Structure formats: C-alpha cells, structure tokens
Amino acid sequence: MGYFKLTYQDHPIEVPAIEPSLTLRATSGSWPGQALDEFATLNLRATSPRFFFDPNNDPEDDASQWLDPYLETQWLKIPLKRFHERDYRSLEKIHIDFKGEGTPNSLTGDDWWESPGLIATYSDELFTKAEISFRYDGDGLFRARLAGESLFDTKFDIGFSAPLTVELIAYRNSATAKELLNWFDGYLRESDFAFTQRQLGVDIYVNGIARDALAAR
C-alpha cells in the first residue's frame, strides 16, 4: 500500500495513500492557436482518508483540525524526448529535482517558473522543494516516490504504485483522435497502450493505459 509520511506543525504523521494515479496528459485547443508540442504534463495524484488531527489529545485546542491529505502535480511538464527509444518504461530514468522557483530545471534546461505540484493537509500547500523518482516494477506498474517541503513548511515523503495512463484532449475541434494518437506515437509507442476515445460536443478525449497493466489484471 502507498503512504503519506508528513511532518505537519512539527508532528510526524503517517497515513495510507489511496486512489493513486500516474497520468501523462497533453491538450490542444486550450486557447485559440494552442497546439500539441514536445511536452506533456505528468500528473501524479493520491489521496488519503480524512482524519482528525489532535496532537495534544484535546479536541478544543487550536492545533486540532480535520486534515485531508492529497497530492497533485498538475504543473509538472516533461519533455517527451526524455523517453528513451519511445519506451514508456524509461520513465524510471527521469528524475525531478525541484529546488524552488527560479532555480535550474535539469529536465528542460530552463529555470523553474512555477512549482510543479502541491500537497494538501488543512489547505493546499505548493511545493518549495521536491524530488520525484520512479521505479518500474513490471506489469505496467511504476513505483513513484516524492519527498520535499511545502510552502507552509510541511515535510513530506509520499510513495505509491500505479500504472501509467494517458489522457489526450483536443478542445474545440483542434485535432482529430487520429491526429492525437499520431502525435503521441512520435514520442511513445502507441502499440504499448490500449486506447479508448469519446467526443463531447466539439471536444475529443483519448484515454489510454499501458497494455502490460491490463494483462496483469
């Protein structure tokens, strides 16, 4: 089972990480003229059951509160050329080391201009430091680990396993499903994933999961 290990208000907390996911996401048409490029967002998510934090065993004191641990990396952009020979398993060779806004981003060669993610405790807390790594465990599953600190000085160590999934979206008829998949196949082998597609009005959604993960179920 996955875990959240937090140091919240100087108190250590360990709770399970549930509903984990690891998704490569790319969109076109988010605004007029926006097109697919060589980047995708790598969104790691996990949550934990809500619980009452009562470090002093006094539900009436100011330290007591309900906490809702949550993880989200919706701003973590990955250059898709980092995947070696179009093999999704090479994700385990990608290492993220975020030391704060304005510090060098070794993935892109530029500087980090925003935090790649957040954790939630009582409220949302952006990362100020974070190291993120992956290990491929076979059957389409990756073991992800994130360790760092948040804007409110919460220290975190989060780990979980999840299959790699894909979400490709074309808003406002900006691309066809075939164009989305052809773009994806230029960076990762389409044949390694099982895809489904649907259309809602003028928007097209193509979702996939590593075939190895499906075969292992």
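Since the structure is predicted, the reported quantities are computational estimates derived from the model, not experimental observations. Any value given below was found using the heavy atoms of this structure, including those in side chains, with hydrogens, waters and symmetry copies removed. Counting from 1, the numbers follow the sequence of the chain as shown.
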Shortest non-hydrogen contact from Leu181 toward Glu190: CD1-OE2, 3.8 Å
Could you pull out every donor-acceptor pair under 3.5 Å between side chains of residues 204-212 and any protein atom, sequence neighbours left out?
residue, atom, partner, partner atom, Å
Arg211, NE, Ser191, O, 3.0
Arg211, NE, Phe193, O, 3.2
Arg211, NH2, Phe193, O, 3.3
Asp212, OD2, Tyr88, OH, 2.9
Asp212, OD2, Arg89, NH2, 2.8

Could you please spell out the steps behind the salt bridge (charged side-chain N to carboxylate O under 4.0 Å, His left out) verdict for Arg135 and Glu92? CA-CA 5 Å; Arg135 189 178 81 186; Glu92 70 175 357; over 6 Å; no
Does Gln74 reach the main-chain N or O of Leu76 with its side chain, forming a donor-acceptor pair under 3.5 Å? no
Over all heavy atoms of both residues, which pair between Arg172 and Asp203 is shortest? Give the atoms and the distance, please. N-OD1, 2.9 Å
Below 6.0 angstrom between ring centroids: does that apply to Tyr122 and Phe53? no
Using modelled atom types only, decide if a donor and an acceptor are shared between the side chain of Ser150 and the backbone of Phe152 within a distance under 3.5 Å. yes
Tightest non-hydrogen contact, residues Gln65 and Tyr8, listed as OE1-OH, 2.9 Å
Ignoring hydrogens and angles, tell me if any N or O in the side chain of Trp183 forms a donor-acceptor pair with the backbone of Asp37 under 3.5 Å. yes
Report all side-chain donor-acceptor pairs from residues 112-120 shorter than 3.5 Å, counting only partners two or more places apart or in another chain.
residue, atom, partner, partner atom, Å
Trp112, NE1, Pro104, O, 3.4
Ser115, OG, Gly117, O, 3.0
Ser115, OG, Phe127, N, 3.2
Ser115, OG, Phe127, O, 3.0

Could you tell me if Tyr70 and Asp124 have a donor-acceptor pair between their side chains, going purely by distance under 3.5 Å? no
So, the side chain of Thr7 versus the backbone of Lys155: is there a donor-acceptor pair under 3.5 Å, distance only? no
To the closest 0.5 Å, what do you measure between OG1 (Thr154) and CD (Glu149)? 9.5 Å
Honestly curious: do Ile94 and Leu71 fall in one hydrophobic cluster under the side-chain, below-4.5 Å linking rule? yes
Got a second to check how far Phe134's CZ is from Leu91's CG, nearest 0.5 Å? 5.0 Å
Taking every heavy atom of Ser64 against every heavy atom of Asp58, the minimum-distance pair comes out as OG-O, 2.8 Å
For Arg145 and Asp157, run salt bridge (charged side-chain N to carboxylate O under 4.0 Å, His left out): C-alpha distance rounded to whole Å, both residues' side-chain angles, the deciding distance at 0.1 Å, then the answer. CA-CA 7 Å; Arg145 184 178 180 193; Asp157 178 359; 2.9 Å; yes
Sub-3.5 Å donor-acceptor pair from the side chain of Ser48 to the main-chain atoms of Pro16, do we have one? yes
Output yes when a side-chain donor or acceptor of Arg82 lies under 3.5 Å from a complementary backbone atom of Ser90, and no otherwise. no
